[in-house]
Amino acid sequence: MNTDEHACIIGVLDDDRRVLESVGNLLESAGYQVRLFDSGAMFLQTEAMNEINVLICDIRMPGMGGIEVLQQVGVKRPGLPVILITACSDVESSVVPQTSYRRIFRKPIDPTALIEAIAAACDTP
Amino acid sequence: VIGIDVGKASVEGLLERERDLSQLVDFVPGHLWRLTASGEPVFFSRRMIDFLGLNVTDLERPGMSRLEALIQAIHPEDALRFRDTLTRCLDTGKGFALRYRLRRVDGVYRWMSSRAEPMRGEDGRIVHWCGLCHDIDDQMRAEEALRRSERQLQQMIDAVPVRIWCASAIGGQLYFNKRYQDYLRSVIPNFDALGEPRIEDFVQELVHPEDAPVVRRTLGECFEAGRGGVTRFRWREKDGTYKWAQCRVEPWRDRDGTIVQWYGVSLDIDEEVRAQETLRARERELSVLVDMMPSHLWRVSPEGTTTLANRHMADFLGRDLGEQNELQAVFDAIFHPDDVDAVWDVFTRCLTTGEPFAMQYRLRRADGVYRWMSGRAEPMRDESGRIVQWFGLSHDIDDQVRAEEALRSASDNLARAIQAASLAELSASIAHEVNQPLAAVVANSCACHRWLSAEPPNIERAKITAEKISHDANSAAEIIRRVRALFRRAPLARSLEDVNRLIGEVCRMMADEIVRKDVRIKTDLELNLPPAELDRVQVQQVLVNLIRNGVEAMDAVIDGVRMLEVRSCSDGPDAIRVEVRDTGTGFKDAERAFEPFFTTKQSGMGLGLAICRSIVESHGGRLWTTNSATRGATVAFTLRTAERAR
């Protein structure tokens, strides 16, 4: 583990606490700092938006959905790498706003692939 | 000699003249009589003697003058007047003239008209009185009859409960009958002082100002054209109120055609007019009521011709049924194609048997949207029991039907989940529910491995993570258990249901979907099946699934028949069998179809038939599939009838 990895802060946004905490636990075990949020509205209100290096975001959430969160993130943090996770099989990638870095994972997430994706995102200039 | 001859000749001449005169007197068609200056009868002519049956000499009575004796023959009612008149004439010497009744020899009194004049000597003194009297009895009786008839007429005119007037000419003096006069006196304080009022005065005085112009015009036209006419108006009564009257005017013409009199009769028609007004107002009110009633009101003749449809109905249908009232045409135009045959059958049967009609059906609104209606009709019969008309009411229950459906589903979250989603969607949602804890388990497993593999190993975090893994795995198992329980619920929601009705509801619910897939649906339902005790939402869901499966199985059928048949029948003494038969490709592996997650379809998780079988088995029935000998598949299931289920 290099120090760069440890410098990376990952924001995780999922309405299901089990998923949220398990992904957070996984990222911590890989040496990252995490900021966990269970609603899009809460995430957008905090300072975390400005300090995170990567955002992992669930698409289907009650209230503000993942797509809507991404639209706002695109305004406030253009260029923030985003990894989307979904339990559904029918997400059209065209509806997801373009960001500089984007991956979509289906639940259950392959943990190794996720960690590799995070590492790649953190390396993105 | 000569003198004697002359004298003799003159005597003979005198005798002859006397005979002539005497004959003349006797033949005059009247009674001639003579009285002395004091009034004593001294001569009666032959006709008078014959009439009275006595001569003047027969009037000699002891202690009574001849005149008094004659007066005995005069009617007692006239005797006094006769005596007085005659006595006065005798005293004054003025001519006597009187009518009286005189007794004939047979005792019958007859009216006589008698006149007498005094005959005076050269000195001017009265020598005697000569009288002539003739029989006027027939004339008197005719006059009497006339007077009586006039009196009766007058009484009648005064007695009839109408007001009558007549006038000899327009603007001339008016005559009013008694009732009219009484009325006029009661309304016009100084009526008797008016002198000779004209019609115009009365119009001015009595007729309601609003009606006066019409009355004037009508009367004016009548008088001008010389013809009769009728006018209606209100006139003032003594209490100041106005009452409706009808006046009819007619001219009466003489033989030359000249108008001699105008007659007018005024009838009190107040009650009739008010009754009519009340009736009209009531009719208007009813008509408004019928039109404004927020339901469809209609009337059909016993032959089935539409004779009335209220405005609400006409607006809804966008057509006036009065224009097109042939029943068959009306039916085809207004009922949903799926309902029209059933409604036609029931309604025509009702028309024949007279049974009340009650049905639910869909009616086509003007904009083409079909809405559920609850229709009822009952026959109206006359006294002999014959049906005169059918009266029908149908009201829009579409919202209610939909609300009921919504309510039914909202009453149970579980049921709503099943109702709202197709099984494919339900499967997806179950999968999502299971997926969440599984995702956590997978992520935590990896994390746990990493905590243990770290240098140094982070045992504490690894322990916590392992606990989470255990917890989430149990959570996933719990969801699976809940899903199974979902379809094996205790029979809380069970009720007695008519399976045929349930099939009908599902077919209607899916009608659009089936039509869209270009599939024909046919039902063959056994009548009078006993009710089954079941959870209607679950069994509905089974039917929805089997029908949808059948429809989807026919997607591949391009050239053949796309026919879905739903049958119901008894299955032994205590069960009902329902079959859904399609003409699709059939099952390639009938038993595997029931394995969860086995599917040949692109969409869906393959839970459909497995869940259907769970539901049916939880109801104590069986569910199985067979392939038809020719083509397609049949899925059948049984449900226990109420007696056994209980």
Side-chain angles (χ1 to χ4, degrees), chain A residues 1-3 5-6 8 10 12-34 36 38-39 54 56-62 65-66 83-92 103-119, chain B residues 413 417 421-422 424-480 597 599 601-607:
Chain A
M1 290 180 198
N2 58 49
T3 47
E5 284 174 355
H6 291 263
C8 266
I10 318 295
V12 186
L13 181 50
D14 195 310
D15 64 301
D16 191 307
R17 288 215 64 96
R18 294 166 302 191
V19 176
L20 184 65
E21 285 169 8
S22 65
V23 171
N25 192 19
L26 176 67
L27 296 177
E28 280 178 342
S29 75
Y32 294 101
Q33 291 186 52
V34 293
L36 306 182
D38 64 1
S39 92
V54 179
I56 297 175
C57 181
D58 188 18
I59 290 180
R60 203 194 283 180
M61 289 183 289
I83 292 168
L84 293 165
I85 51 175
T86 176
C88 307
S89 53
D90 53 354
V91 173
E92 291 272 336
R103 290 285 305 273
I104 297 178
F105 282 84
R106 296 218 177 112
K107 291 179 189 172
I109 307 157
D110 178 344
T112 315
L114 179 67
I115 289 167
E116 282 169 7
I118 295 283
Chain B
N413 277 338
S422 74
E425 287 170 309
L426 182 70
S427 307
S429 114
I430 292 168
H432 183 259
E433 285 300 310
V434 177
N435 233 344
Q436 297 291 89
L438 285 181
V441 167
V442 171
N444 276 327
S445 300
C446 184
C448 188
H449 189 261
R450 281 177 167 272
W451 290 126
L452 289 174
S453 310
E455 286 294 334
N458 191 335
I459 305 296
E460 202 50 39
R461 289 295 296 262
K463 269 187 177 174
I464 295 167
T465 307
E467 273 168 26
K468 284 192 187 294
I469 291 169
S470 168
H471 180 265
D472 289 342
N474 278 330
S475 170
E478 170 67 12
I479 289 164
I480 301 294
F597 306 106
T599 182
K601 288 182 283 189
Q602 289 298 311
S603 59
M605 300 285 284
L607 281 172

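Here is the naming used below: chain letters follow the sequence lines, and residue numbers restart at 1 for every chain. Just the heavy atoms: all of them, side chains too, but no hydrogens, waters or symmetry mates, feed the values below.
The CD atom of B:Gln436 lies 7.0 Å from the CG atom of A:Asp15; values are rounded to the nearest 0.5 Å.
Closest of all the heavy-atom pairs between B:Ala443 and A:Ser22 is CB-OG, 3.7 Å. A pairwise comparison of heavy atoms in A:Val19 and B:Ala439 identifies CG2-CB, 4.4 Å as the closest pair.
Contact of A:Ile115 with chain B is made through the side chain alone, with heavy-atom distances under 4.5 Å. With a threshold of 4.5 angstrom between heavy atoms, B:Asn444 approaches chain A through its backbone and through its side chain. Contact annotation for A:Asp14: only side-chain heavy atoms (C-beta onward) come within less than 4.5 Å of a heavy atom of chain B.
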* To do: For the pair B:Val441 and A:Arg18, evaluate side-chain contact (heavy atoms from CB on, under 4.5 Å) and give the outcome as yes or no after the intermediate values.
  => CA-CA 9 Å; B:Val441 167; A:Arg18 294 166 302 191; over 6 Å; no

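Looking at A:Ile109, A:Asn25, A:Leu26 one by one, the single match for side-chain contact (heavy atoms from CB on, under 4.5 Å) with B:Cys446 turns out to be A:Leu26.
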